[in-house]
Amino acid sequence: MDLKQITHADNVRLSDDGRAVRILDQSRLPNETVYLELSRAEDLYEAIATLRVRGAPAIGIFAAYAMYVLTLQSPADQYSTFVEDCQKIHAYLNASRPTAVNLRHMLDRMLAVAESMPCMDVLSIQDAMKQAALAIHQEDIAMCTAISEYGLSLVKPGDGILTHCNAGPLATSRYGTGLGPLFLAKERGIPLRAFCDETRPLLQGARLTTYELQRAGIDCTLICDNMASLVMKEGKINACFVGCDRVARNGDTANKIGTSGVAILAKYYGIPFYVLGPSSTIDFTCPDGDHIPIELREGEEIKEKFFSQPSALPDVKCYNPAFDVTDHSLITAIVTEKGICYPPFEENLAKLFSRQRKGGD
Ligand code: MRU
C-alpha cells in the first residue's frame, strides 16, 4: 500500500455534485470500506452521533460541509429568514456530540459568515459558506502537517511510541495529529515503533489506528488497554502521543476515555506524555477540565457491540463515559501547529495564540 493513499485518505469531502457530504464510514472499518453521501439533516446528525465520522478535527470539517449542504435546502430567499435557518442548523448539528469543541468552533465560524453578510442575496452567502468550509478543510491539512513536524522533533530513530484511540488521517486530514509524527517519519525513512492501545469500548485503536499504520508499513503492535503499564515497565515506550477533543485554558485535556490513565502511568515510569492537537481544539472560554462536558454513551457499546455473544447480562447497569480529562500536571507538552507548548500552559498557550485570540476564540 502506498503511504500517500493513507495520508491522503478521502475521509470527508463535498460530493462531486456539491450537494452532499461524502465520508468514509469509520464505523465499518477495518472490515468494510464503505463511502456514504449524506444530505438529509437526520443522516448528517446520525453520522456524527454514531461515529461514522469521528475524531475532533474530522467532526469539525464534516460539520462545516454539513452546514453548507443544509443551507442549500433552505427555502428562504431573504437574508433574515436565511440566517434564522442557519442558526437552527447550527443548533441542531451542535447537539450531535458534546465533547469535541471543533464541532462548535467550526459551526460558529460558518454561522459568522452568514451573519456577516446582511443585505447580500442568499446565493452569495451560500457561496461564501462553501468557500469557508473548503478553507476550514485546507487549514486543517496545514495544521496537521505542522503538528506532525513538531511532534517528530520530540523523538529519535528507533523510539517506541504509545498511542491511544485514533488521531491519524481518518480523524483529521492528511497526516493526523497524534499519529502524524509516525507517518512523517515513515515518509523520511526514520524507523519508529508504535504500540497501540485497542481503546475500549469502541476500539478505535484496534480498528482504525493499526489499520492506518499497518497499511502504511509502519511497525505497529496492538495491545489491550490494560497492557500499557507492562510495556512501559519493559522499556518499550519512549513517549506517548495522543490527540485531544478539547484543551481547556489551563491545559487540562479531554481525550478518549482511558487517556488520563495512560498519562498517570507515563508519569510513574518517567515517560514524556505529549498531547498533539490543532488550535481549533483549544477552548479559551473553558477555564479547566471540570468545565468540559463529557459525553455519556449507551451501555450496549460495552456489553454487546463487538462480541459475537453479549459479554454481560442484558440488564446489568453500565457506565460508559466516552472521554476523560487528563490533568495538565501530567502533560509534558501540548504540540500545536504554532509550536510546542510547555508548562505553565495557561500562560504559554495564551502567549502562543495571543494574536489569534484578539480576533476572537
Ligand atoms: O469518540 P471519538 O473516536 O471521536 O474520539 C476521538 C478521540 O478521542 C481522538 O483522540 C481525538 O478526537 C483527536 S483526533 C485527532
Side-chain angles (χ1 to χ4, degrees), residues 7 9 11-12 23-29 47-63 96-106 140-141 143-148 151 162-183 196-209 211-212 225 240-247 253-263 273-283 292-298 301-302 305-306 320-326 331 334-337:
T7 54
N11 56 338
V12 183
I23 56 165
L24 171 57
D25 184 348
Q26 296 190 45
S27 69
R28 311 275 283 267
L29 290 172
I48 301 175
T50 62
L51 279 58
R52 295 186 195 284
V53 57
R54 54 146 296 283
I59 292 171
I61 296 163
F62 175 84
S96 55
R97 288 190 85 187
T99 305
V101 77
N102 302 58
L103 174 63
R104 192 192 79 213
H105 281 165
M106 297 312 143
D140 194 64
I141 292 174
M143 290 193 292
C144 287
T145 307
I147 289 166
S148 306
L162 187 85
T163 71
H164 193 75
C165 195
N166 171 263
L170 287 166
T172 61
S173 34
R174 212 51 59 94
Y175 298 95
T177 55
L179 298 186
L182 287 147
F183 286 107
C196 311
D197 280 355
E198 64 174 346
T199 318
R200 285 266 299 151
L202 292 184
L203 307 179
Q204 290 92 333
R207 291 190 305 106
L208 307 174
T209 297
Y211 166 86
E212 290 183 317
D225 298 343
C240 303
F241 280 173
V242 300
C244 45
D245 288 84
R246 189 182 305 225
V247 179
T253 294
N255 191 52
K256 180 53 51 193
I257 189 73
T259 303
S260 68
V262 173
F273 180 89
Y274 298 111
V275 169
L276 295 89
S279 49
S280 49
T281 308
I282 304 173
D283 186 355
I292 300 179
I294 299 295
E295 176 180 30
L296 283 183
R297 298 185 64 88
E298 292 301 321
E301 292 178 350
I302 298 179
K305 193 165 174 73
F306 291 108
N320 186 14
F323 298 93
D324 61 21
V325 173
T326 300
I331 299 171
I334 300 173
V335 182
T336 75
E337 76 275 13

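Remember, it's 1-based here, ligands and their atoms both numbered in the order they're listed.
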*Asks:* If we only count heavy atoms from C-beta on, is the V275 to T326 side-chain gap below 4.5 Å?
*Replies:*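 Not touching, per the 4.5 Å side-chain cut-off.
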*Asks:* Identify, by atom number and element, the atoms of ligand 1 in contact range of T172, meaning under 4.0 Å from any of its heavy atoms.
*Replies:*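 Per the distance check, 15 (C).
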*Asks:* Quick one: does P278's side chain get under 4.5 Å of P57's, heavy atoms only?
*Replies:* yes
*Asks:* Check ligand 1 against F323 and write out every atom of the ligand that is under 4.0 Å from a heavy-atom position of the residue.
*Replies:* 1 (O), 5 (O), 8 (O)
*Asks:* Which bit of K256 gets closer than 4.0 Å to ligand 1, counting heavy atoms only: side chain, backbone, both or neither?
*Replies:*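 Both parts.
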*Asks:* Are the side chain of R54 and the backbone of N166 linked by a donor-acceptor contact shorter than 3.5 Å?
*Replies:*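 Answer holds: yes.
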*Asks:* So is P57 touching ligand 1 or not, going by heavy atoms under 4.0 Å?
*Replies:*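 Contact check P57 vs ligand 1: positive.
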*Asks:* In the protein, which heavy atom is nearest to atom 7 (C) of ligand 1, and how far is it?
*Replies:* D245 OD1, 3.2 Å
*Asks:* So, 4.0 Å and heavy atoms of A322: is ligand 1 close enough to count as a contact?
*Replies:* no
*Asks:* Quick test: of every protein heavy atom, which one is nearest to atom 9 (C) of ligand 1, and how far off is it to 0.1 Å?
*Replies:* N255 OD1, 3.3 Å
*Asks:* Run the numbers on K256 and V242 for side chain to side chain contact (heavy atoms under 4.5 Å, CB included), then give the verdict.
*Replies:* CA-CA 9 Å; K256 180 53 51 193; V242 300; over 6 Å; no
*Asks:* How does H164 reach ligand 1, if at all, at less than 4.0 Å between non-hydrogen atoms: by side chain, backbone, both, or neither?
*Replies:* neither
*Asks:* Can you tell me if D197 uses its side chain to pair, donor with acceptor, with the backbone of L162 under 3.5 Å?
*Replies:*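 Answer holds: no.
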*Asks:* Could you see which bit of N166 sits under 4.0 Å from ligand 1, with heavy atoms only: side chain, backbone, both or neither?
*Replies:*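 N166 to ligand 1: backbone contact only, side chain stays beyond 4.0 Å.
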*Asks:* When you measure from the side chain of D225 to the backbone N and O of T199, does any donor-acceptor pair fall under 3.5 Å?
*Replies:*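 At least one qualifying donor-acceptor pair exists.
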*Asks:* Would you call D283 and R104 a salt bridge, using N to O less than 4.0 angstrom?
*Replies:* yes
*Asks:* So does P98 get a backbone contact from the side chain of R246, meaning a donor-acceptor N/O pair under 3.5 Å?
*Replies:*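 Yes, R246 side chain to P98 backbone: donor-acceptor pair under 3.5 Å.
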*Asks:* If you have a sec, work out which protein heavy atom is nearest atom 15 (C) of ligand 1 and how many Å separate them, to one decimal?
*Replies:*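 For atom 15 (C) of ligand 1, the nearest protein heavy atom is T177 OG1, 3.1 Å.
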*Asks:* Mind checking whether A167 contacts ligand 1 via backbone (N, CA, C, O), side chain (CB onward), both or neither, at a 4.0 Å heavy-atom cut-off?
*Replies:* both
*Asks:* Considering only non-hydrogen protein atoms, determine which one is nearest to atom 3 (O) of ligand 1 and report residue, atom name and distance to 0.1 Å.
*Replies:*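 That would be R54 NE, 2.4 Å.
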*Asks:* For ligand 1, which atoms sit closer than 4.0 Å to a heavy atom of R97?
*Replies:* 1 (O), 2 (P), 4 (O)
*Asks:* Identify which of C244, G55, A171 has a heavy atom lying nearest to atom 13 (C) of ligand 1.
*Replies:* C244
*Asks:* Looking only at atom types and distance, does a side-chain atom of R297 sit under 3.5 Å from a main-chain N or O of I302, one as donor and one as acceptor?
*Replies:*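 Between the backbone of I302 and the side chain of R297 there is no qualifying donor-acceptor contact (under 3.5 Å).
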*Asks:* With a cut-off of 4.0 Å, which atoms of ligand 1 are near a heavy atom of A56?
*Replies:* 12 (O), 14 (S)
*Asks:* If you count the atoms of ligand 1 from 1 in the order shown, which ones are under 4.0 Å from a heavy atom of Q204?
*Replies:*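 Near Q204, the atoms of ligand 1 are 1 (O), 2 (P), 3 (O).
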*Asks:* Sub-3.5 Å donor-acceptor pair from the side chain of T99 to the main-chain atoms of E295, do we have one?
*Replies:* yes
